[in-house]
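The next block holds one structure in the form of structure tokens; read it before the comments.
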Amino acid sequence: FVAPRFYLRHLERRRLQKFEAQLVDAITLVANSLRAGMSLAQGLEMVTREMGPPIRLEFGYALQENRFGKPLPEAFEAMKKRVRSEDLALVVNAMNIAMETGGQLSEVFNRLADSTRERHRIKGRIATLTSQGRLQGIVMTLLPWFMAVALYVLDREMMRPMFTTLPGQLMLASVVVLEAVGWLLVSRIVSVDI
């Protein structure tokens with residue numbers, strides 16, 4: 001019953017990572033089209049023609065809402081709520097502010113592309129530096145269970161009291177709790193927010 005929910009979360013995370021990876025190119029494409037003299041809607045239309053899913057679908061949906069009468073800032077606010085990406089939220093907020101104050105959108109998009117690209121580079125560097133800690137956490141979490149299975153296969157009589165007696169069951173429960181606490185601690189140590 002839990003597996004479909006985990007699989008769906010995995011697919012959502014993978015889609016969000018792909019969207020965020022495409023966002024830098026989309027911002028750059030919009031900035032270049034604005035610099036070439038196109039309107040913002042035309043630049044966004046370029047994104048839906050030139051780029052692949054999932055960013056093409058999201059931008060296309062926002063442009064379709066705009067064609068049906070929803071103002072562009074509101075369409076992108078709805079997209080920000082749908083996608084839940086920090087990078088997209090930054091882009092939408094900056095775009096809305098620039099549209100309200102009359103700022104030059106091409107310059108705003110260029111700066112956003114640069115800062116988003118740098119942020120992705122730093123995230124990649126942090127993921128590389130913390131990968132050893134994550135792997136150690138996985139090994140340390142799984143090692144006792146592999147050892148227990150190996151001992152059970154080699155000598156069942158030695159492992160039987162672990163499952164049949166109260167002290168053995170209490171030790172088994174404490175191992176489960178300590179493993180969970182250890183996994184949470186390791187995952188908190190190696191997770192770094194930017």
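Basis for what follows: all heavy atoms, side chains included, without hydrogens, waters or symmetry-related copies.
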Considering all heavy atoms, the nearest Thr48-Arg56 contact: O-CG, 3.1 Å
Could you check if a side-chain atom of Val91 sits within less than 4.5 angstrom of a side-chain atom of Phe109, using non-hydrogen atoms only? yes
For Ala75 and Ala62, work out which heavy atoms get closest and say how close. CB-O, 3.5 Å
Pairwise side-chain contact, Tyr61 with Gln64, heavy-atom cut-off 4.5 Å (strictly under): yes
Using distance alone, with no hydrogens and no angle criterion, decide if Asn66 and Glu74 have a side-chain donor and acceptor under 3.5 Å apart. no
Please report the closest heavy-atom contact between Val30 and Gly43, naming both atoms and the distance. CG2-O, 3.7 Å
Going by heavy atoms in the side chains, are Ile97 and Glu100 under 4.5 Å from each other? no
Nearest 0.5 angstrom please: Ser115 OG to Asn110 CG, how far? 10.5 Å
Does the pair Arg119/Glu86 count as a salt bridge with the N-to-O cut at 4.0 Å? yes
When clusters are formed by joining ILVMFWY residues with side-chain heavy atoms under 4.5 Å apart, either directly or through shared neighbours, do Leu23 and Leu90 land in the same one? yes
Is any side-chain heavy atom of Glu77 less than 4.5 Å from a side-chain heavy atom of Asn93? yes
Heavy atoms, side chains only, cut-off 4.5 Å: are Met95 and Val108 in contact? no
What residues, two or more places apart in sequence or in another chain, satisfy salt bridge (Lys or Arg N to Asp or Glu O under 4.0 Å) together with Arg67? Glu45
Report, as yes or no, whether the 6.0 Å neighbourhood of atom CE on Met158 holds more than 12 heavy atoms from other residues, nucleotides or ligands. yes
From Ile122 atom CD1 to Ile126 atom CD1, the distance as rounded to the nearest 0.5 Å: 7.0 Å
Does Asp114 come within less than 4.0 Å of Arg111, counting only side-chain N to carboxylate O? no
Considering non-hydrogen atoms only, spot the tightest contact between Leu63 and Ala41 and give its length. CD2-O, 4.2 Å
Heavy-atom count check: over 12 atoms from other residues, nucleotides or ligands less than 6.0 Å from Arg49 CZ? yes
Under a single-linkage definition using a 4.5 Å side-chain heavy-atom cutoff for Ile, Leu, Val, Met, Phe, Trp and Tyr, are Val24 and Met79 assigned to the same hydrophobic cluster? no
Could you see if Leu142 belongs to whatever hydrophobic cluster contains Val176? Use Ile, Leu, Val, Met, Phe, Trp, Tyr and a side-chain cutoff under 4.5 Å. no
How far apart are the closest heavy atoms of Ala26 and Val47, and which atoms are they? O-CG2, 3.8 Å
When you group the ILVMFWY residues by side-chain heavy-atom contacts below 4.5 Å and let the links chain together, are Val139 and Val175 in the same group? no
Once you round to the nearest 0.5 Å, how far does CG of Leu143 lie from CE of Met140? 6.5 Å
Verify side chain to side chain contact (heavy atoms under 4.5 Å, CB included) between Met159 and Leu154, making sure each step is shown before the conclusion. CA-CA 9 Å; Met159 290 295 288; Leu154 292 174; over 6 Å; no
In one Ile/Leu/Val/Met/Phe/Trp/Tyr side-chain cluster, 4.5 Å: Leu72, Val83: yes
Does Gln42 use its side chain to pair, donor to acceptor, with the backbone of Ser39 at less than 3.5 Å? yes
Rounded to the nearest 0.5 angstrom, the CE-CE distance for Met38 and Met46 is 5.0 Å
Going through the distances and angles, do Asn32 and Arg35 end up as a side chain to side chain contact (heavy atoms under 4.5 Å, CB included)? CA-CA 5 Å; Asn32 291 339; Arg35 204 174 302 120; 3.1 Å; yes
Compare all side-chain heavy atoms of Thr164 with those of Gln169 and state whether any distance is below 4.5 angstrom. no
Scan for salt bridge (charged side-chain N to carboxylate O under 4.0 Å, His left out) pairs involving residues 6-32, sequence neighbours excluded, and state none if there are none. Arg15-Glu58
Donor-acceptor pair, side chain of Asp155 and main chain of Leu151, under 3.5 angstrom: no
Check the angle between the aromatic planes of Phe59 and Phe19 and answer parallel, tilted or perpendicular using the 30° and 60° thresholds. tilted
Can you tell me how far apart CZ (Arg156) and CZ (Phe163) are? Round to the nearest 0.5 Å. 10.5 Å
Does a sphere of radius 6.0 Å around CZ in Arg82 hold more than 12 heavy atoms from other residues, nucleotides or ligands, not counting ones at 6.0 Å or beyond? yes
Kindly check if the number of other-residue, nucleotide or ligand heavy atoms within 6.0 Å of OH (Tyr7) is above 12? no
Look up atom CD in Gln17 and atom OG in Ser85, then write down how far apart they are to the nearest 0.5 Å. 11.0 Å
Is Val149 close to Trp145 at the side-chain level, that is, under 4.5 Å between some pair of heavy atoms? no
Which atoms form the tightest heavy-atom contact between Pro54 and Gln22, and what is the distance? CD-OE1, 3.1 Å
